[in-house]
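Since the structure comes first, as structure tokens, the remarks are kept for the end.
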Amino acid sequence: MKIKSALTAAGLAGTLVIAGGATSAFAQSAPRPTTDGARGEFVCANLDQIQQLQTERATLVTDRLALLADARVAAGAGGHTAAVARIDARRARTAERQANVAERQTALVDWAAVHC
């Protein structure tokens with residue numbers, strides 16, 4: 001009796017998985033409604049908070065660059081050339097992040113001037 005119950009449960013689970021897969025495939029192929037209006041309203045309603053978060057992120061990235069500069073000086077003074085190379089790579093990635101944050105800040109200000 002236990003084996004029959006287990007097989008029935010496994011068959012039911014397999015049917016649900018197949019049905020679930022068909023449902024998710026249908027949901028993926030169905031056109032999605034645009035939510036730009038709702039997103040825009042959200043951004044306009046929370047613009048000050050978003051700008052504050054962007055400013056905080058820019059500050060964190062700038063502080064990280066300062067720490068990496070100090071670490072590079074210390075590694076260079078200690079003769080750790082491999083560490084200097086790794087720090088230089090980190091500084092390059094962090095500088096890219098800093099540029100991305102600045103671009104996002106500018107884009108948000110430009111967008112808000114038109115839409116809010």
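Quantities reported herein were computed from a predicted structural model and do not represent experimental measurements. We count residues from 1, following the sequence as given.
In this view, Q49 satisfies the side-chain hydrogen bond (donor to acceptor under 3.5 Å, both in side chains) rule with no residue, not counting sequence neighbours.
Contact of the Q52 side chain with the D48 side chain is not registered, since no non-hydrogen atoms from C-beta on lie closer than 4.5 Å.
By the rule that hydrophobic residues join a cluster once side-chain heavy atoms approach within less than 4.5 Å of another member, I50 and W111 end up as members of one cluster.
Taking CZ from R86 and NE2 from H80, the interatomic distance works out to 10.0 Å, rounded to the nearest 0.5 Å. Between the CD atom of E103 and the OG1 atom of T106 there is a distance of 8.0 Å, given to the nearest 0.5 Å.
Of all heavy-atom pairs between Q54 and V101, the closest is O-CG1, 3.9 Å. Across all non-hydrogen atoms, the minimal contact from A112 to L47 is CB-CD2, 3.6 Å.
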Report task. Please test H115 against V43 for side-chain contact (heavy atoms from CB on, under 4.5 Å), starting from the C-alpha separation and ending with a verdict. Result -> CA-CA 10 Å; H115 294 92; V43 171; over 6 Å; no
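The disulfide bond (SG atoms under 2.5 Å apart) analysis of residues 72-116, with sequence neighbours excluded, yields the pairs C44-C116.
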Exercise answer: donor-acceptor pairs, residues 57-74 side-chain atoms, under 3.5 Å, sequence neighbours excluded:
from, atom 1, to, atom 2, distance (Å)
T59, OG1, T55, O, 2.9
T62, OG1, A58, O, 2.8
T62, OG1, Q98, NE2, 3.2
R72, NE, D88, OD1, 2.5
R72, NE, D88, OD2, 3.4
R72, NH2, D88, OD2, 3.3

